[in-house]
Asker: 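Once you've had a glance at the structure underneath, I'll fire off some questions.
Numbers here are sequence positions counted from 1. Ligands are counted one by one from 1 in listed order, and the atoms in each one are counted from 1 as well. Only heavy atoms go into these numbers, but all of them, side chains included; no hydrogens, no water, no symmetry mates. Here the structure is a predicted model, which means the values were calculated and not measured.
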Amino acid sequence: MPTFPFSEADPIRYPGPPPKASEVVVVGGGVIGVTTALFLAQRGIPVTLLEKGRVAAEQSSRNWGWVRKQGRDEGELPVAIEAGRLWRQLAEECGEDIGLVETGVTYLAETDKELAGFDDFMRLAAAHDLDTRLLDGSETAKLIPGMARKFAGAMTTPSDMRAEPWLAVPALARLAARKGATIVENCAVRTLDIAAGKVRGVWTEAGFIEASTVLVAAGAWSSLFLRKHGVSIPQLSVRSTVAATEAMPEVHPGAAADDHIAFRRRRDGGYTLAAGGGSQLYVGPDAFRHVVKYLPALRANPFGVRYSPAAPSGFPDGWTTPRDWTAETQTPFERMRVLNPAPERSKLQAVEKNFGALFPQLGKVRLEASWAGMIDAMPDVVPVVDRVEALPGLFVATGMSGHGFGIGPGFGRVVADLIQGNAVGHDMSRFRLSRFSDGSALKLGPAL
Ligand SMILES: Cc1cc2nc3c(=O)[nH]c(=O)nc-3n(C[C@H](O)[C@H](O)[C@H](O)COP(=O)(O)OP(=O)(O)OC[C@H]3O[C@@H](n4cnc5c(N)ncnc54)[C@H](O)[C@@H]3O)c2cc1C
């Protein structure tokens, strides 16, 4: 495992300077921005990706590394299926080991009621010809031997994969650069430049870049950036804590979760772990602004989120984070090059305890690293991937709601086609921006 997490202290690999003009500018060097830039570059479109900190230093390296179709929202599933194919293809093209292996994803059910809760996805899986299946208690014990608890059963998708995020996204960025994308790190986009009601370019901390098309793929910062330009998305971010064990004997090669623990075998022989019990929302001005939109999610899962009265200084929805700025002055984006929340101690204690309790034969669970990430959440748990009708030239792909890594290359390909004005091949109505303002009832997607 490399030194983790990525930080501002890491060397700048793409120092710039940025070009004076580019056909497309991508704001944000996470998996969405990187794969969009990759597909555009592959088609010969001049594209410049600007990252305020380091490529993949925020969510896109901090995630669990699950590449799953299982449990996806109906609208996301076709994109996730395509993403699986693209991951395989891109892993080949990268020519680097990104840890991509087909080891399956499994959701464990303690009770028959929980098991019955998988029925909806089983129907969807059958309609898409997935290899997802339900296991009874003894099949579950055979799939993951040595578990100290008995489960009523499980849902499993053997063709789902795992990958090492901190290797994969930087490798995809190198591939994008080889294909001709210009990448610049340590270069925050401060504002859009708008003329005659259309996007004309961006102002960055390194000056102006002329561009007729701009994609905002800024993860947890997207809503702050967009609001400045009159585009409101009800996006919030929640803290989620992760831990990595040192290398230990293999209990299961894939990824699995129940209500208490989520675990995933890593390439280096350790496990990446997270405790159940929900994420933490720092309540700031946006949380108040969007509370009504989040009521259905809160009603469906009242214990899914814990609240904290204030975000640390400089966080996207912090009370003192500026909401307005100019192109000439320092913005919240360059003040926080890498959003690096502290992991929650109680969660780290819980992962040691819960993983150890599930696999007592492993002895004491030793953690060699821990970190947290701010998940960019949407009230209906599915992203916004759309053009902004009110501002020609502006595209948004954000709010991946905790499951954007696995589906990343799928949305990257889709957004590249949206930008080029091509048919995208999937029904994108589920991800439309207008769903938050056109009076339609929000339909909740699955949380995991
Ligand atoms: C703990 C955790 C576990 C997860 N587990 C999984 C999983 O197992 N499987 C899965 O599929 N997904 C998972 N996810 C979700 C997944 O990591 C994210 O959905 C995905 O990485 C989002 O990618 P992104 O490109 O949209 O955003 P990010 O990766 O957050 O990238 C956005 C980038 O934009 C940059 N930026 C912001 N503003 C500006 C600006 N003004 N100028 C320039 N740059 C800017 C930021 O610095 C950042 O690097 C998890 C997430 C977390 C936090």
Side-chain angles (χ1 to χ4, degrees), residues 5-6 8 25-37 49-69 71-72 76 80 83 87 105 160-163 165 168-169 172-173 184-192 202-205 214-226 228 235 237-243 255 257 262 264 272 274 279 316 325 331-341 343 347 371-378 383-385 396-412 415 448:
F6 295 150
E8 216 182 312
V25 162
V26 174
V27 185
V31 67
I32 302 298
V34 164
T35 53
T36 303
L49 181 150
L50 304 170
E51 166 53 53
K52 66 180 171 54
R54 303 292 182 274
V55 162
E58 295 195 349
Q59 292 177 88
S60 290
S61 62
R62 289 161 192 263
N63 64 71
W64 300 350
W66 296 29
V67 178
R68 65 177 172 87
K69 303 176 288 295
R72 290 273 170 189
E76 282 187 2
W87 269 115
V105 159
D160 277 351
M161 295 182 281
R162 60 179 223 220
V169 182
L172 293 177
V184 188
E185 290 181 324
N186 231 41
C187 184
V189 177
R190 289 176 167 172
T191 61
L192 296 173
V202 291
W203 287 95
T204 78
E205 59 184 304
V214 174
L215 167 69
V216 176
W221 302 90
S222 297
S223 112
L224 183 65
F225 183 87
L226 289 167
K228 153 101 185 126
Q235 177 194 44
S237 44
V238 291
R239 174 167 75 153
S240 184
T241 293
V242 191
R264 195 263 299 172
T272 292
S279 302
W325 53 83
T331 66
F333 311 111
E334 64 245 56
R335 281 200 199 119
M336 179 73 78
R337 297 267 173 214
V338 175
L339 186 56
N340 183 23
K347 292 283 180 187
W371 63 90
M374 296 304 290
I375 291 179
D376 58 337
M378 299 304 292
V384 174
V385 180
V396 177
T398 197
M400 296 287 144
S401 301
H403 42 263
F405 174 65
I407 206 169
F411 276 131
V415 175
L448 180 76

Asker: For the CH2 atom of Trp203 and the OG1 atom of Thr331, what is their distance to the nearest 0.5 Å?
Answerer: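 Going from CH2 on Trp203 over to OG1 on Thr331, the span is 14.5 Å.
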Asker: For atom 26 (O) of ligand 1, what is the nearest protein heavy atom, given as residue, atom name and distance?
Answerer: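 Ranked first by proximity to atom 26 (O) of ligand 1 is Ile32 CG1, 3.4 Å.
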Asker: So which atom in Ser237 and which in Met374 form the shortest heavy-atom distance, rounded to 0.1 Å?
Answerer: O-CE, 3.6 Å
Asker: If you count the atoms of ligand 1 from 1 in the order shown, which ones are under 4.0 Å from a heavy atom of Ala188?
Answerer: 42 (N), 43 (C)
Asker: With only distance considered, is Phe405 within less than 3.5 Å of ligand 1 through an N or O on each side?
Answerer: yes
Asker: So for ligand 1, is Gly53 a polar contact partner (N or O within less than 3.5 Å, distance only)?
Answerer: no
Asker: Short N/O distance, under 3.5 Å, between Gly402 and ligand 1?
Answerer: yes
Asker: Considering distance alone, does some N or O of Gly404 sit under 3.5 Å from an N or O of ligand 1?
Answerer: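 There is such a contact, yes.
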Asker: Quick check against the 3.5 Å criterion: does Glu58 have a side-chain atom that pairs as donor or acceptor with the backbone of Leu339?
Answerer: yes
Asker: Among all protein heavy atoms, pick the one closest to atom 53 (C) of ligand 1 and tell me residue, atom and distance.
Answerer: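 Of the protein heavy atoms, Ile375 CG1, 3.4 Å lies nearest.
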Asker: Pull out every atom of ligand 1 sitting under 4.0 Å from any heavy atom of Gly29, numbered as shown with elements.
Answerer: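 Every atom of ligand 1 under 4.0 Å from some heavy atom of Gly29: 33 (C), 34 (O).
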Asker: Any atoms of ligand 1 less than 4.0 Å from a non-hydrogen atom of Ser60? List them with their elements.
Answerer: 20 (C), 21 (O), 23 (O), 25 (O), 28 (P), 29 (O)
Asker: Ser240 heavy atoms, cut-off 4.0 Å: which ligand 1 atoms fall inside?
Answerer: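 Answer, ordered by atom number: 1 (C).
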Asker: With heavy atoms under 4.0 Å as the rule, classify the contact between Phe333 and ligand 1 as side chain, backbone, both or neither.
Answerer: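 Just the side chain.
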Asker: Does Lys347 use its side chain to pair, donor to acceptor, with the backbone of Ala274 at less than 3.5 Å?
Answerer: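 No; zero donor-acceptor contacts below 3.5 Å.
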Asker: Could you tell me whether Ala220 and ligand 1 have an N or O pair separated by under 3.5 Å?
Answerer: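 Ala220 vs ligand 1: no N/O contact under 3.5 Å.
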Asker: Given 3.5 Å as the limit, does a donor-acceptor pair link the side chain of Glu205 with the main chain of Ala188, or not?
Answerer: yes
Asker: Closest non-hydrogen protein atom to atom 34 (O) of ligand 1, residue and atom name please, with distance?
Answerer: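 Result for atom 34 (O) of ligand 1: Gly28 CA, 3.1 Å.
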Asker: Need the ligand 1 atom indices (1-based, order shown) with element for anything under 4.0 Å from a heavy-atom of Trp221.
Answerer: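 Contacts of ligand 1 toward Trp221, numbered from 1: 37 (C), 38 (N).
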Asker: Looking at Thr398 and Ala218, would you say the former's side chain and the latter's main chain have a donor-acceptor pair under 3.5 Å?
Answerer: no
Asker: Provide the closest heavy-atom pair for Ser222 versus Val216 in the form atom of the first, atom of the second, distance.
Answerer: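 Answer, listing the atom of Ser222 first, then Val216: OG-CG1, 3.9 Å.
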Asker: Locate the shortest heavy-atom distance separating Gln59 from Ala220; write the atom from each residue and the value.
Answerer: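 The answer is NE2-N, 4.0 Å.
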Asker: Got the closest protein heavy atom to atom 47 (O) of ligand 1, with its distance?
Answerer: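 Nearest protein contact, heavy atoms only, for atom 47 (O) of ligand 1 is Glu51 OE2, 2.6 Å.
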Asker: For atom 17 (O) of ligand 1, which of the options Glu58, Lys52, Gln59, Arg54 provides the nearest non-hydrogen atom?
Answerer: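 Nearest option to atom 17 (O) of ligand 1, by heavy atoms: Gln59.
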Asker: Just heavy atoms, cut-off under 4.0 Å: does Trp64 contact ligand 1 by side chain, backbone, both, or neither?
Answerer: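 Both backbone and side chain of Trp64 come within 4.0 Å of ligand 1.
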Asker: Search all heavy atoms of Gly33 against all heavy atoms of Ala217 and return the closest pair with its distance.
Answerer: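 Answer, listing the atom of Gly33 first, then Ala217: N-CB, 3.9 Å.
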Asker: Please work out whether any backbone atom (N, CA, C, O) or any side-chain heavy atom from C-beta onward of Arg62 is under 4.0 Å from ligand 1, and answer side chain, backbone, both or neither.
Answerer: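 Backbone only.
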Asker: What is the nearest protein non-hydrogen atom to atom 40 (C) of ligand 1, stated with its residue, atom name and distance?
Answerer: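 Checked against all protein heavy atoms, atom 40 (C) of ligand 1 sits closest to Val27 CG1, 3.6 Å.
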Asker: Which is closest to atom 6 (C) of ligand 1 in terms of heavy atoms, Asn63, Leu50, Val189?
Answerer: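 Residue with the shortest heavy-atom distance to the ligand atom: Asn63.
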Asker: Once rounded to the nearest 0.5 Å, what's the spacing between atom OG of Ser60 and atom CZ of Phe6?
Answerer: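 With rounding to 0.5 Å, OG (Ser60) is 10.0 Å from CZ (Phe6).
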Asker: Using every non-hydrogen atom in the two residues, find where Ile32 and Ala397 come nearest and quote the distance to one decimal.
Answerer: CG2-CB, 3.7 Å
Asker: Please report which non-hydrogen protein atom sits nearest to atom 8 (O) of ligand 1, along with the residue it belongs to and the distance in Å to one decimal place.
Answerer: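 That would be Trp66 N, 3.0 Å.
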Asker: Between Arg190 and Trp325, what is the shortest heavy-atom contact and its length?
Answerer: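 That would be O-NE1, 2.8 Å.
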Asker: Working note: Leu50 + Val184, criterion side chain to side chain contact (heavy atoms under 4.5 Å, CB included); need CA distance, chi angles, decisive distance, verdict.
Answerer: CA-CA 5 Å; Leu50 304 170; Val184 188; 3.9 Å; yes
Asker: Side chain or backbone, does Gly373 bring an N or O within less than 3.5 Å of an N or O on ligand 1?
Answerer: no
Asker: Quick one: does Ala57 get within less than 4.0 Å of ligand 1, heavy atoms only?
Answerer: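 The answer is no, since Ala57 has no heavy atom less than 4.0 Å from ligand 1.
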Asker: Looking at Glu185 and Val55, would you say the former's side chain and the latter's main chain have a donor-acceptor pair under 3.5 Å?
Answerer: yes
Asker: Determine, stepwise, if the pair Phe405 / Trp87 fulfils ring pair (Phe, Tyr, Trp, His ring centres under 6.0 Å).
Answerer: CA-CA 10 Å; Phe405 174 65; Trp87 269 115; 5.1 Å; yes
Asker: Should Ser401 be counted as touching ligand 1, given the test is an N or O pair under 3.5 Å?
Answerer: no
Asker: Taking atom SG of Cys187 and atom CZ of Arg337, what is their separation to the nearest 0.5 Å?
Answerer: 8.5 Å
Asker: Is Thr398 close enough to touch ligand 1? Criterion: a residue heavy atom under 4.0 Å from a ligand atom.
Answerer: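 Judged by the 4.0 Å heavy-atom criterion, Thr398 does not count as contacting ligand 1.
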Asker: Return the closest protein heavy atom for atom 1 (C) of ligand 1 as residue, atom name and distance.
Answerer: Val242 CG2, 3.4 Å
Asker: If you have a sec, work out which protein heavy atom is nearest atom 11 (O) of ligand 1 and how many Å separate them, to one decimal?
Answerer: Gly406 N, 2.7 Å
Asker: Distance under 4.0 Å to a non-hydrogen atom of Ala217: what atoms of ligand 1 satisfy this?
Answerer: 32 (C), 34 (O)
